[in-house]
Amino acid sequence: MCGIIGAASSRNVGKLLVQGLHKMEYRGYDSAGIALHQKDNIFNLRTLGKVSLLEDEMIEQRPKSKLGIAHTRWATHGKPSKKNAHPHASGEVNIVHNGIIENYLELKEKLIQAGYTFESETDSEVIAHLLHQHLQSKGDLLAAMHEAIKELDGAFAIAAIHIKDKNRLVVARNKSPLLIGVGLEENFAASDPLALSQLTNEFVFLEDGDIAEITKESYQVFDRKNSPISREVTEIDIAVNAVTKGEYSHFMEKEIYEQPNAVANTIDGKLGDNDVLDNIFGLGSSEVFSKIKRIQFVACGTSLHAGKVGRFWFEQIAQIPCYVDFASEYRYRDPLVEEGTLFVTISQSGETADTLAALRYAQEKDYLSTLSICNVPTSSLARESEHVLFTNAGPEIGVASTKAFTTQLAGLMLLAMSIAKSLNKDQQNRKKLVHELRNLPKVIEETLKLSNEIMNIVPNIADKHNALFLGRGMFFPIVQEGALKLKEISYIHAEAYPAGELKHGPLALVDDQIPVVALSPENTLTEKLVSNLEEVKARGGTLYVFGGENAKIKIERGEYIQMPECSELLAPIIYTIPLQILAYQVACQRGTDLDQPRNLAKSVTVE
Ligand code: G6P
């Protein structure tokens, strides 16, 4: 999974391509490369490490060109190295690829027999050689691309240039995002509109099976049958300040502090005086909701944790059973679909391969309807779901998800309320929730002020190798999210447990070297949780507890941090905040590259 970009322009494109790569580093950042068409050769430069290293080389070499392609990589096949970095070349063709070619071994075998030699361990290199092979018979890059993709199984977004085509870039898409950016006297291709945000606000989203030729003057899209086809132009304005860090040290820090606004944007225009408004998930959605009997959530990573919290809300507020599955597992267990089940995907990017594949699988099953909660309106998930709620959090750049999560939770609460409304359930609670939701941004702001208090406990965690996170009920998924944040960015091993499970195994880990972080809001489970924490105390454990005003536990080793007063049902959103701050500050103390932690990527567009 990677980011690709291409440009055909009347100006020099090297700098534009590298700037675009910078904005797509969330898709991978282990190596980068660029290929530029020059008078009688193709300049190919690849570097190991982040895009800034490629940029340094480009500044030194200053290549000139009006046509080029570039790539930022997240390794799937073959370790991060210069050789495995893209663009891959075969004779006079250079390509960049995002996705996975599932039949690459078979193709590689055939190409080796045909006399091709492979320089990399990647699956992508077969595309370069296949294109080269078809160019011999077809003599034209577009025709060769058409033939080549017939042989590829798997997911791909490809951009290619050829020495004989000084003006033309050819691209192809199947199951990996790809769009054309329409400019003035220049046109582009990229995996994400964000990459082109300073170049154009007009985009053409390609569909699976599409191929396109792009020159500086024009572009033409062809469908699977190679017939010219016209695809809609969409205007998107991406605020430039949304993709810069501003006064903050890291994107993650900025995104944590953006949460009051982000959540306000999610709920904006969705609430009436005493109830949620009708059809906020799209025209006809309220009518569909009146037929719901079950909900199936599917998501990955942080978004999955949001679904797990949502489950409690749906069972309490809408009073309907919910199932939550890992997107990567769901479609491999032949799920039984009960009548009246709404299929819900949750995703920040809307491009996560497993989530998208799960949606496509569900479309073949007897679900009542499909719905997505998504942060990117132009994403494949948003476009392919029947109903959508955009979280409106603005671009999230830090790899560790923060504002996307809390806005997903706000979106899920709106969904639970909407369904309850359509099913005529729990009106009194909804009325109360409308007011609590309106107040939520203020409470988040209050919670962000705990930063200094949290800072005091950071040194006691930053020097440890392991941590335990405990919660109960709807706070269990919140501690799972807290543990995920800590491990992602600080590389400390962190495990989350429902506190009642402690005695069934993890209690054996407790000693004075393992910090135990617990969430203890005031609710019906407080007493039970406190008993579980006493078990930790009795074994000499160190407790860091975030809880309500009336601390029910006396802590000798560790700290109790008092949370602002908040609504019982919305408390999972509030209790997420200190765990984000804690992970962020611990990672800062350990000096990790926390916006781009090792081995990870923001958007995982491969299975
Ligand atoms: C990656 C990111 C996570 C994210 C997950 C799902 O692993 O690093 O932060 O939660 O993908 O992404 P999505 O865009 O579908 O929410």
Side-chain angles (χ1 to χ4, degrees), residues 1-3 24-30 74-76 175-177 191-192 194 250-252 255-256 262 266 297-310 324-330 344-360 371-385 388-412 477-478 480-491 576 579-580 583-584 587 592-607:
M1 170 204 59
C2 314
M24 285 193 293
E25 276 193 293
Y26 73 88
R27 304 178 68 86
Y29 38 79
D30 61 44
W74 184 78
T76 59
K175 298 190 197 143
S176 291
S191 304
D192 185 334
L194 197 63
H250 299 95
F251 279 109
M252 182 177 175
E255 287 154 8
I256 289 174
T266 309
F297 285 117
V298 167
C300 296
T302 290
S303 301
L304 181 82
H305 294 152
K308 289 183 178 181
V309 177
V324 188
D325 272 85
F326 292 102
S328 54
E329 294 290 331
Y330 156 79
V344 180
T345 53
I346 309 164
S347 174
Q348 189 285 128
S349 62
E351 299 295 349
T352 302
D354 283 316
T355 311
L356 204 50
L359 170 67
R360 289 172 181 163
L371 182 146
S372 84
I373 295 193
C374 186
N375 194 33
V376 182
T378 51
S379 63
S380 307
L381 204 69
R383 282 181 287 130
E384 293 180 31
S385 301
V388 190
L389 181 102
F390 299 118
T391 43
N392 291 328
E396 190 182 66
I397 311 290
V399 164
S401 189
T402 51
K403 63 176 179 172
F405 180 66
T406 43
T407 55
Q408 283 167 347
L409 289 178
L412 284 164
I478 298 300
Q480 285 188 300
E481 175 57 14
L484 177 65
K485 287 289 85 91
L486 189 69
K487 65 186 136 198
E488 274 180 310
I489 59 170
S490 73
Y491 316 147
T576 301
L579 301 188
Q580 295 171 341
Y584 173 76
T592 58
D593 189 352
L594 60 90
D595 272 338
Q596 295 179 327
R598 68 186 182 201
N599 306 340
L600 300 181
K602 177 90 188 138
S603 176
V604 182
T605 57
V606 293
E607 252 194 67

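Side chains are part of it too, since the values below use all heavy atoms of this structure and drop only hydrogens, waters and symmetry mates. One-based numbering, in listed order, for ligands and for the atoms of each. The first residue of the sequence shown is numbered 1, and numbering continues consecutively from there.
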Item to check | Steps toward side-chain hydrogen bond (donor to acceptor under 3.5 Å, both in side chains) verdict (T302, K485) | outcome: CA-CA 9 Å; T302 290; K485 287 289 85 91; 3.2 Å; yes
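Against a heavy-atom cut-off of under 4.0 Å, S401 is close to the following atoms of ligand 1: 9 (O). Close approach of ligand 1 to T302 (heavy-atom distance below 4.0 Å) involves ligand atoms 10 (O).
In terms of heavy-atom proximity, E384 sits nearest to R360 at OE2-NH2, 2.7 Å. For the residue pair A382 and V388, the shortest heavy atom distance occurs at O-CG2, 3.3 Å. Scanning both residues, N392 and N375, for their nearest heavy atoms gives N-OD1, 3.5 Å.
Of all protein heavy atoms, the one lying nearest to atom 2 (C) of ligand 1 is K602 O, 3.3 Å. With hydrogens left out, the protein atom closest to atom 7 (O) of ligand 1 is V604 CG2, 3.7 Å, a heavy atom.
Expressed to the nearest 0.5 Å, how far OG1 of T352 lies from CG of L359 amounts to 12.0 Å.
For atom 13 (P) of ligand 1, the nearest non-hydrogen atom from the set T345, L600, V399, T352 belongs to T352. Taking all heavy atoms of S303, S349, C300 into account, the minimum distance to atom 14 (O) of ligand 1 is reached by S349.
The local environment of NZ in K308 is crowded, with over 12 non-hydrogen atoms from other residues, nucleotides or ligands closer than 6.0 Å.
The shortest N/O to N/O separation between T355 and ligand 1 does not fall below 3.5 Å. Remark: ligand 1 and A601 share an N or O pair separated by less than 3.5 Å (distance only, no angle test).
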